[in-house]
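No experiment lies behind these values; they were computed from the predicted model shown. Atoms considered below: every heavy atom in the structure, side chains included; atoms not considered: hydrogens, waters and symmetry mates. Each chain gets a letter, A, B and so on, in the order its sequence line appears, and its residues count up from 1.
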Amino acid sequence: AQSVTQPDIHITVSEGASLELRCNYSYGATPYLFWYVQSPGQGLQLLLKYFSGDTLVQGIKGFEAEFKRSQSSFNLRKPSVHWSDAAEYFCAVVYGGATNKLIFGTGTLLAVQP
Amino acid sequence: NAGVTQTPKFRVLKTGQSMTLLCAQDMNHEYMYWYRQDPGMGLRLIHYSVGEGTTAKGEVPDGYNVSRLKKQNFLLGLESAAPSQTSVYFCASSYGTSQYFGPGTRLTVT
């Protein structure tokens, strides 16, 4: 069965430090992969997505993610974190063919120290 | 262009009461989805619709019903609320594979 694993429940980084959030997926075919961000009390906003082609994808707010098929991973990165990046981050994979249903990971809560 | 909107934003129900959550989108999207979000569990798909007049079950459909009478609206109903349905409910819509989410409805069942 398809699944998405985010092994880090909570991460704390200092402002200006680099960030990497881990995501591993289990999916038989070539996956469509997404990262969403949820600020407190808000809905989810799409950061970036991977469908095919270049395995390094750029998103909004200075985020990027790299698809590594050999590791079944799609890790999210940012070279320098800002205090406004404090939020919860969700990795997701499309399953279900034409219905575009998403399976979400359990999320990683990012705290940013001044 | 309001995107995806949800009504109400907050609601408290007593066990056994019923209610309907409304999701509306103005992007002319075919697909719409209802999720619930619980701490430590991410988002789980309750029901979805691939077009006006169609609905289908997702991962956790029990205790919920849905209707898609108009393309822009997707209603989620709880016929007899239970404390286990205390959650934050999100609606989403999509045209392709990217889903756009509403701001959520926080529901508490006592």
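Nearest approach of A/Lys101 to B/Tyr33, heavy atoms of both residues: CA-CE2, 4.4 Å.
Heavy atoms from other residues, nucleotides or ligands lying under 6.0 Å from CZ of B/Arg44 number more than 12. By the 6.0 Å contact criterion, CD on B/Glu79 is open, its count of non-hydrogen atoms from other residues, nucleotides or ligands being 12 or less. The environment of CD1 in A/Ile60 is crowded: more than 12 heavy-atom neighbours from other residues, nucleotides or ligands sit within 6.0 Å.
Note: B/Glu59 CD to A/Phe104 CZ = 11.0 Å, rounded to the nearest 0.5 Å. Atom-to-atom distance recorded for A/Thr106:OG1 and B/Gln37:CD is 11.0 Å, nearest 0.5 angstrom.
In the hydrophobic clustering of ILVMFWY residues, with side-chain heavy atoms under 4.5 Å counting as a link, B/Val66 and B/Tyr35 come out apart. Linking ILVMFWY residues whenever their side-chain heavy atoms come closer than 4.5 Å, directly or via other members, leaves B/Leu69 and B/Tyr48 in distinct clusters. Residues B/Leu13 and B/Trp34 share a hydrophobic cluster, clusters being chains of Ile/Leu/Val/Met/Phe/Trp/Tyr side chains in contact below 4.5 Å. Side-chain heavy atoms closer than 4.5 Å link hydrophobic residues (I, L, V, M, F, W, Y) into clusters, and following such links, even through other members, never connects B/Leu45 to B/Leu76. Cluster membership for B/Leu78 and B/Leu75, using ILVMFWY side-chain heavy atoms within less than 4.5 angstrom, is not shared.
Below 4.5 Å, heavy atoms of chain B meet heavy atoms from A/Tyr32, A/Phe34, A/Tyr36, A/Gln38, A/Gly41, A/Gln42, A/Gly43, A/Leu44, A/Leu46, A/Lys49, A/Phe51, all part of residues 31-55 of chain A.
Both the backbone and the side chain of B/Leu43 come within less than 4.5 Å of a heavy atom in chain A. Contacts between B/Gln6 and chain A at a heavy-atom distance below 4.5 Å are absent for every atom of the residue. Heavy atoms closer than 4.5 Å to chain B are found nowhere in A/Leu109, neither backbone nor side chain.
Top candidate by heavy-atom pairs under 4.5 Å with chain A, chosen from B/Ala92, B/Gly42, B/Cys91, B/Gly40, is B/Gly42. Between chain A and the residues B/Gly96, B/Ser49, B/Pro39, the most heavy-atom pairs under 4.5 angstrom are made by B/Gly96.
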